[in-house]
Structure formats: structure tokens, C-alpha cells
Q: 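This is the structure I want to talk about, given as C-alpha cells.
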Amino acid sequence: MILSDAEIERYARQVVMPEIGEAGQKRLLDAHVAVLGAGGLGSPVIAALAGAGIGHLSLIDEDRTDITNLNRQMLYDMTSLGREKSQSAADFVRRLNPGIEVSAHYVHFSEETADGLIAGHDLVIDCTDTPAARYLANACCHRHKIPLVFGGAVRTDGQITSFIPADAACPCLRCIFPQTEIDYDQAPSCASAGVIGPTTMVIGALQAAEAVKILAGFGTPLAGRLVIYDGLSASFTEIDCARDPDCPVCGN
């Protein structure tokens, strides 16, 4: 047996799946995943990964919970107001699944801290909400050859894809969204444009599913495919994305 009796019982609904089995569940339990952002997207991602049995979660966020978060960030409640999100999220994980490890990092994700926060992980999930953080996560993950699951949500719309540095044909974030000076000024934020909780739950759930697939080794990752979610029509559109040979991050 690969798993203990307690692990087989806890993860029975996953272990019974032929795509996962005991071997796949063991890969999840051995995995070390960093979640950048514990807000709207991070909340469903963290809950899903903790439930799935990702063995070690690193939760990275520099914010504290406020009342405007509670329409969509289900890890928190009124008792969380004013607390560090990373610590509150870690407490949630420990209550849900005390058998896994979790570390909370209340720190700004920046050029100075990125490598130390990201290096050594098996996968990173980008749940940030600023272009600067997204481009930095992309560059850092490519540098360390770590798969990155990207997601974004605003109003009723969302998008998701994955970047696999080991795949020579896979584009990176800069290939799909070339960085310009106007990115920082024109990218809509949830604070200015608004967002509903179901949108972040849909995209966060897809990000978590993508992470489980990559880590356990089944299914087809979204590498090279950007999925757009339109919540107003409840529809998805898939766009094929090619690697840019002149990309300043992953190009030749």
C-alpha cells in the first residue's frame, strides 16, 4: 500500500478515480504548492487544494481582511476583519485538513522577495490582482522552471491558462500579453470595476483543478490554450496561444 489507512479513507473519493488512484494521491501529498494571493481567487483555490490533500501549501499575501472582501472570499468571516489574510487562510487550512503542512507569508511579493518565496515549489498558482505581480510571477517561475497556473476575474468575466516552462512550445504570460506601460493604468481591478463571488469561485475552481491535474499527472494541461469565461452567457471560449520566439522572458 502506498497510502495509510487514514489517507485512503480521507481521500477515498479521489483515490477511487482511475486517473488518480493511490499513486496520484501520493504525488499530491508530496507536492509543495505556492498560492500567490489569498483573496477572491485564492480563497477557492486554497480551500480546494487543502481538501485535495496537497501536502504543503505556502500562502503568500500582504493584505488584511476588510468588510468589502466578504462577498467573495469565503475563507474569512466577521471575526477575520483586520487580520492578516495569509494567517487566517492558514488557520482555515489547519481546521480543514490538519494532516498537511501550511506556511503563511505576510509579505509584499516583489523583485526582492519573489525568488525566495517561489524557489523550491513544485507548482505556483497566480491569484494576484495587479499586472506587476503577474509579470513578476511569470518571470520568476520561468527562471526556476516551475509550472504556473494563471487566472484572472473581474465583474462576471474570467480567464485561465497554464505555463509549463519544461515544454519548449508553451508560451509564457509575456507571449500572450506583451507588457506595455499602459498595462498598469488600464487593467481593471475588482475595486474599480467590481466582481461577484461566483466569478472568482468559477475561475478559482478551474485553477485548482488544473493544479491537481498537473501534479497528479493526468488530463491535458491548458498550456498553449487561454480559456475565457463569460459569466453573462455562462459560456467558455478557448484561444490557442503560440510561444513568441522574441519574448524577453522565454524567447530564444
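Nothing fancy with the numbering, it's 1 onward along the sequence. For the numbers below, each heavy atom of this structure counts, side chains included, while hydrogens, waters and symmetry mates do not.
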Q: If two hydrophobic side chains count as joined below 4.5 Å and joins carry through other members, does Ile160 share a cluster with Ile196?
A: no
Q: Could you check whether atom NZ of Lys213 has more than 12 heavy atoms from other residues, nucleotides or ligands sitting under 6.0 Å from it?
A: yes
Q: Hey, what else clusters with Val249 if you join Ile, Leu, Val, Met, Phe, Trp, Tyr whenever side-chain heavy atoms sit under 4.5 Å?
A: none
Q: Say whether Leu3 and Leu215 are linked into one hydrophobic cluster, either directly or through other cluster members, by side-chain heavy-atom distances under 4.5 angstrom.
A: yes
Q: Determine, using the 4.5 Å side-chain heavy-atom cutoff (strictly less than), whether Val212 and Leu96 are members of one ILVMFWY cluster.
A: yes
Q: Backbone N or O of Ser235 within a donor-acceptor pair of the Asp230 side chain at under 3.5 Å?
A: no
Q: Tell me whether Arg243 contacts the main-chain N or O of Pro171 through its side chain, where contact means a donor paired with an acceptor under 3.5 Å.
A: no
Q: Any chain of hydrophobic side-chain contacts (each under 4.5 Å) joining Leu226 to Tyr135?
A: yes
Q: I'd like to know whether Asp91 forms a salt bridge (Lys or Arg N to Asp or Glu O under 4.0 Å) with Arg95, so could you lay out the CA-CA distance, the side-chain angles of the two residues, the decisive distance to 0.1 Å, and finally the verdict.
A: CA-CA 6 Å; Asp91 290 344; Arg95 291 193 299 270; 5.2 Å; no
Q: Over 60° means perpendicular and under 30° means parallel, so tell me whether Phe150 and Phe177 are parallel, tilted or perpendicular.
A: tilted
Q: Between the side chains of Ser43 and Gln73, does any donor sit under 3.5 Å from an acceptor?
A: no
Q: Whether the side chain of Gln25 engages the backbone of Glu22 through a donor-acceptor N/O pair (distance < 3.5 Å, no angle test) should be reported.
A: no
Q: Testing the basics here: between Thr128 and Arg134, what is the closest heavy-atom pair and its distance to 0.1 Å?
A: O-NH2, 2.6 Å
Q: Which pairs of donor and acceptor atoms, one on a side chain in residues 198-208, lie under 3.5 Å apart (sequence neighbours left out)?
A:
unit_1, atom_1, unit_2, atom_2, d
Thr199, OG1, Arg155, O, 3.0
Thr200, OG1, Gly197, O, 2.8
Gln207, NE2, Asp126, O, 3.0

